[in-house]
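Structure record follows, encoded as structure tokens.
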Amino acid sequence: MDTRVMVLKAVLLIALTVTGVRCSTGDDSQADAGGDGDADGDGDADGDADADEDPYRKCTLAPAAPDQGPRHVALRDNQLYVDDQPFYICGAGYLSHMADAAAFGANSIRTWGSDSLGETLDQAHALGLTVMAGLWLTHEPHLDYSNQTLVDAQTERFREVVKRHKDHPALLAWGVGNELNGGAETNLFWEAINDVSKMIHEEDPNHPTATVVTDFADDALLTTVATRVPDLDFVGINSFGGLASLPHRVRQAGWQKPYAVTEWGGRGWWEVPVTAWGVPIDMSSTEKAASFVDPYHNVEEDAAALGSYIIFSGHQNYGTADLMGLHDPWFRPTEPFETMQRLWTGEWPENRAPQISELTIDGQSNGSGITLGGGASVPAEVIVSDLEGDELSYHWAVRHDPFNKSILWQLPPPYVLYDEFKSQTPTISFDAPRHAGPFRLTVYVDDGRGTVSYASVPFQVSGGDLDEPLDEQSRFSVGAFYEGMTKFGAPLENKRRVYIWEWEGSCRRDRVYDDVAEGREAVAFVAKQPNWFGAGVHYYDDDDVESSVSFAEWTTMHASLKSTAKLTVDIGLAKDKYTAPVYLPAGDYGFSPDGQWHDLAIPLSDFVGLDLSEIFTGFAISAYNAQPGDALNVDNLYLTAD
């Protein structure tokens, strides 16, 4: 969607909200499964005939923010007030595409940490959004909370963040930590949260504090928060499949302060049914959008709820390619966004996305446990309708789908795209992969007018050639710089997580969508200091312990680099965190800082003296002659066996 169009939509939605358009009607629980456009049952496809009778709260915008200086945010009678005006949170957890959230009617975003917080606040302010700013407290056991020196140092780092941003007009609240209760070994971190909250109130009297916890099965968690963290103004709760019953459970737990839902968005990967071989069975976008309505209204009806943040504004891999994102892999808004516009503003968009009834492979659907022979040609069909009768196009993708919960944070996703093809009809025939194992067929349906619908079906292949040797098409993804957009790509070992790091203080990491060498996105490292910056990737095992990956079966590292700055760049690999990487000059392999993408092919044998069977740092860069703001873009990073 063109940015100018999104901003215009945001302005229009702001105007609607100010004049009293409410979130939605009470009849939204009647999902429009029949595809007739009358989701609220009022005989009006656009759903606004009964907007004036809407019993739910308004998705209010904050009063016009000053150009400088803070808004005054307060809690009175379980209600947020911004500059003395009631404010109900209609928010999106922010990772990317903030403008889409604004265009579809959101009034707030949430961050999990404070990296690039100033830029986030500025962008939110320009879009009329507020920000619940996260302070990322380190989880146990990665920080010893019995070591008061380390804990105090963490608090003081947060003090500098608060002092720097407390007067920004987009700031709504501070979120102290995220799900610190998950897997905690002691209760000392609760005291640390309380101390951070006290510090914030000392430095910033204008904004409330909260901590964010996981959903809970009993009353003990909120009792612990109330007892051990009394300085907090409210609590944030991340709830997915349990959202419908959350208000009742909060009251049952005896929680006396208000709460906000800080992550939600349908069922999580841990809550959906799975196939016989253990991979998630995802809902279609049509089913997912309908599933949002009742839980959202249940929270709205609770007087103790301050609002909610749906997760995510962006595309994320959490179990499947589309399970918990609001965009497709090409970052187009999906059908659930329409439902959020309806819930946030009371209005459906003028054009509705296609509605999917079913996706089948060889006549079988999601619950069938589909098994195909390796290389077999099989039919697939998606049953879909479009309210406006638009001409539809179909983008099909077959992915390797080795679900493993230990690598859900890994980028790129643990699946590999084996094949993709487009069609103008809802029925196709495709060849099953030649390799045995788990796979998934996904279809994205586009009416050409801005919003996409999708559905997927998992299947497994038997009788494939498991011993097929590597060939020139085989690729091993090194990190978050290659999306697996090739046939017969080799997935990262399921025992490993990949983390991108930047040398502390030397640079920041940005995601780039509009200038890539291949695939959907690239990564830009932007210098924060003069002369030098460094970055790379590390591998960790299931328990977040640093680990190694064997590069021994590969012969060549490929990387695409681009810079307009006059940088000198070295590329390195390392055995462990404590051993200096073996570096090679990128210029020797074709890199030039001339503003063009350069595709480098580096023989691994050139990393002389390095044991390729044990690699912990799978990629590292050192960039020299930098000035603050200079950027090095990295994309298409993978290994091949020549």
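Heavy atoms only: backbone and side chains are in, while hydrogens, waters and symmetry mates are out.
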field: Closest non-hydrogen atom pair between Asp282 and Ser456, with its separation
entry: CB-OG, 3.9 Å

- request: Please check if any side-chain donor atom of Glu263 sits under 3.5 Å from a side-chain acceptor atom of Trp112, or the reverse.
  value: yes

statement: Tyr589 and Ala601 have their tightest heavy-atom pair at CD2-O, 3.8 Å

query: Stepwise, does the side chain to side chain donor-acceptor pair (under 3.5 Å) test hold for Thr155 with Asp152?
result: CA-CA 5 Å; Thr155 302; Asp152 289 345; 5.2 Å; no

field: Main-chain N/O of Ser116 paired with Glu119 side-chain donor or acceptor, under 3.5 Å
entry: no

- request: For Ala522 and Val516, work out which heavy atoms get closest and say how close.
  value: N-CG1, 3.6 Å

message: Per the salt bridge (Lys or Arg N to Asp or Glu O under 4.0 Å) rule, what does the pair list look like for residues 562-574, sequence neighbours excluded?
response: Asp515-Lys562

query: So, are Arg509 and Glu502 salt-bridged, with charged N and O less than 4.0 Å apart?
result: yes

query: After noting the C-alpha distance and the side-chain angles of Leu232 and Val225, does the key distance pass the side chain to side chain contact (heavy atoms under 4.5 Å, CB included) rule?
result: CA-CA 9 Å; Leu232 293 175; Val225 175; 4.1 Å; yes

- prompt: Is the backbone of Lys198 close enough, under 3.5 Å, to the side chain of Asp231 for a donor and an acceptor to pair up by distance?
  reply: yes

- prompt: Would you say the side-chain atoms of Thr334 pair up with the backbone N or O of Leu326, donor to acceptor, closer than 3.5 Å?
  reply: yes

message: Please tell me whether Thr640 and His558 have a donor and an acceptor in their side chains that are separated by less than 3.5 angstrom.
response: yes

statement: To the nearest 0.5 Å, atom CG of Asp144 lies from atom OG1 of Thr149 at 10.5 Å

- line: The residue among Thr214, Thr262, Asn238 that forms side-chain hydrogen bond (donor to acceptor under 3.5 Å, both in side chains) with Glu179 is Asn238

query: Side chain of Thr111, backbone of Gly134: donor and acceptor closer than 3.5 Å?
result: yes

Glu203 vs Arg159, salt bridge (Lys or Arg N to Asp or Glu O under 4.0 Å): CA-CA, chis, key distance, verdict: CA-CA 8 Å; Glu203 299 290 347; Arg159 186 187 300 275; 2.7 Å; yes

message: Show, in sequence, the C-alpha distance, side-chain angles and deciding distance for Glu140 and Leu180, and conclude whether the side chain to side chain contact (heavy atoms under 4.5 Å, CB included) test is met.
response: CA-CA 8 Å; Glu140 290 185 309; Leu180 286 171; over 6 Å; no

- prompt: Do we see a donor-acceptor contact under 3.5 Å between the side chains of Ser108 and Tyr309?
  reply: yes

task: Taking all heavy atoms of Gly236 and all of Ala210, pick out the closest pair and write down the distance.
output: N-CB, 4.4 Å

message: Test: salt bridge (Lys or Arg N to Asp or Glu O under 4.0 Å). Region: residues 594-612. Which pairs qualify, not counting sequence neighbours?
response: none

query: Counting only heavy atoms not in Trp503, do more than 12 sit closer than 6.0 Å to its CH2 atom?
result: no

Name the atoms and distances for all side-chain donor-acceptor pairs under 3.5 Å in residues 527-534, with sequence neighbours left out.
{"residue": "Gln529", "atom": "NE2", "partner": "Trp532", "partner atom": "O", "Å": "2.8"}

task: Could you go through the side chain to side chain contact (heavy atoms under 4.5 Å, CB included) check for Asn633 and Phe525 one step at a time?
output: CA-CA 6 Å; Asn633 288 18; Phe525 295 102; over 6 Å; no

field: Sidechain-backbone polar pair: Asp167 side chain, Pro70 backbone, donor-acceptor under 3.5 Å
entry: no

- prompt: Does any N or O in the side chain of Thr617 come within less than 3.5 Å of the main-chain N or O of Phe619, such that one atom is a donor and the other an acceptor?
  reply: no

- request: Establish, from distance only, whether the side-chain atoms of His168 and Asp122 form a donor-acceptor pair under 3.5 Å.
  value: yes

field: Interatomic spacing from CG in Asp100 to CE in Met98 - rounded to 0.5 Å
entry: 11.5 Å

Asn636 and Tyr638, any side-chain heavy atoms less than 4.5 Å apart: yes

- request: Examine Phe158 together with Trp174 and report whether their ring centres are nearer than 6.0 Å.
  value: no

task: For the residue pair Leu573 and Val582, establish whether any side-chain heavy-atom pair is separated by less than 4.5 Å.
output: no

field: Pairwise side-chain contact, Asp635 with Val523, heavy-atom cut-off 4.5 Å (strictly under)
entry: no

- prompt: Taking only residues two or more places apart in sequence or in another chain, which ones pass ring pair (Phe, Tyr, Trp, His ring centres under 6.0 Å) with Trp277?
  reply: none

message: Would you say that Arg508 contacts Asp115 through its side chain, given a criterion of any heavy-atom pair below 4.5 Å between the two side chains?
response: no

Ile571/Leu561 under side chain to side chain contact (heavy atoms under 4.5 Å, CB included): CA gap, chis, key distance, verdict: CA-CA 11 Å; Ile571 295 178; Leu561 305 181; 4.0 Å; yes

message: Within the 4.5 Å heavy-atom criterion, are Val272 and Phe240 side-chain neighbours or not?
response: no

- request: Might you point out which heavy atoms bring Lys575 and Phe616 nearest each other, and give the distance in Å?
  value: O-CB, 3.0 Å

task: Tell me, please, which residues at least two apart from Trp597 pass ring pair (Phe, Tyr, Trp, His ring centres under 6.0 Å).
output: none

field: Beyond-backbone contact of His207 with Leu172, side-chain heavy atoms, under 4.5 angstrom
entry: no

- request: Looking only at non-hydrogen atoms, find the nearest pair between Val512 and Ala524 and report the distance.
  value: CG2-CB, 3.6 Å

query: Do any pairs count as a salt bridge (Lys or Arg N to Asp or Glu O under 4.0 Å) and have a residue in residues 618-633, sequence neighbours left out, and if so which ones?
result: none

Exercise: do Thr442 and Tyr454 side chains pair donor with acceptor under 3.5 Å: no

message: Do His598 and Ser560 have side chains that approach each other closer than 4.5 Å (heavy atoms only, starting at C-beta)?
response: no

statement: Separation between OG1 (Thr275) and CZ (Arg440), nearest 0.5 Å, reads 8.0 Å

statement: CG (Leu143) and CG (Leu137) are apart, to the nearest 0.5 Å, by 8.5 Å

- prompt: Would you find a donor on one side and an acceptor on the other, under 3.5 Å apart, between the side chain of Thr568 and the backbone of Tyr624?
  reply: no

query: So, Asn194 versus Ser197: side-chain donor-acceptor pair below 3.5 Å or not?
result: no

query: Roughly how far, to the nearest 0.5 Å, is the CG atom of Leu604 from the CE atom of Met557?
result: 6.5 Å

- request: Find the distance between OG1 (Thr556) and CG (Leu600) and round it off to the nearest 0.5 Å.
  value: 12.0 Å

field: Working for side chain to side chain donor-acceptor pair (under 3.5 Å), residues Tyr583 and Ser622
entry: CA-CA 9 Å; Tyr583 279 106; Ser622 284; 3.3 Å; yes

message: Taking the side chain as everything from C-beta on, heavy atoms only, tell me whether Thr211 gets closer than 4.5 Å to Asn181.
response: no

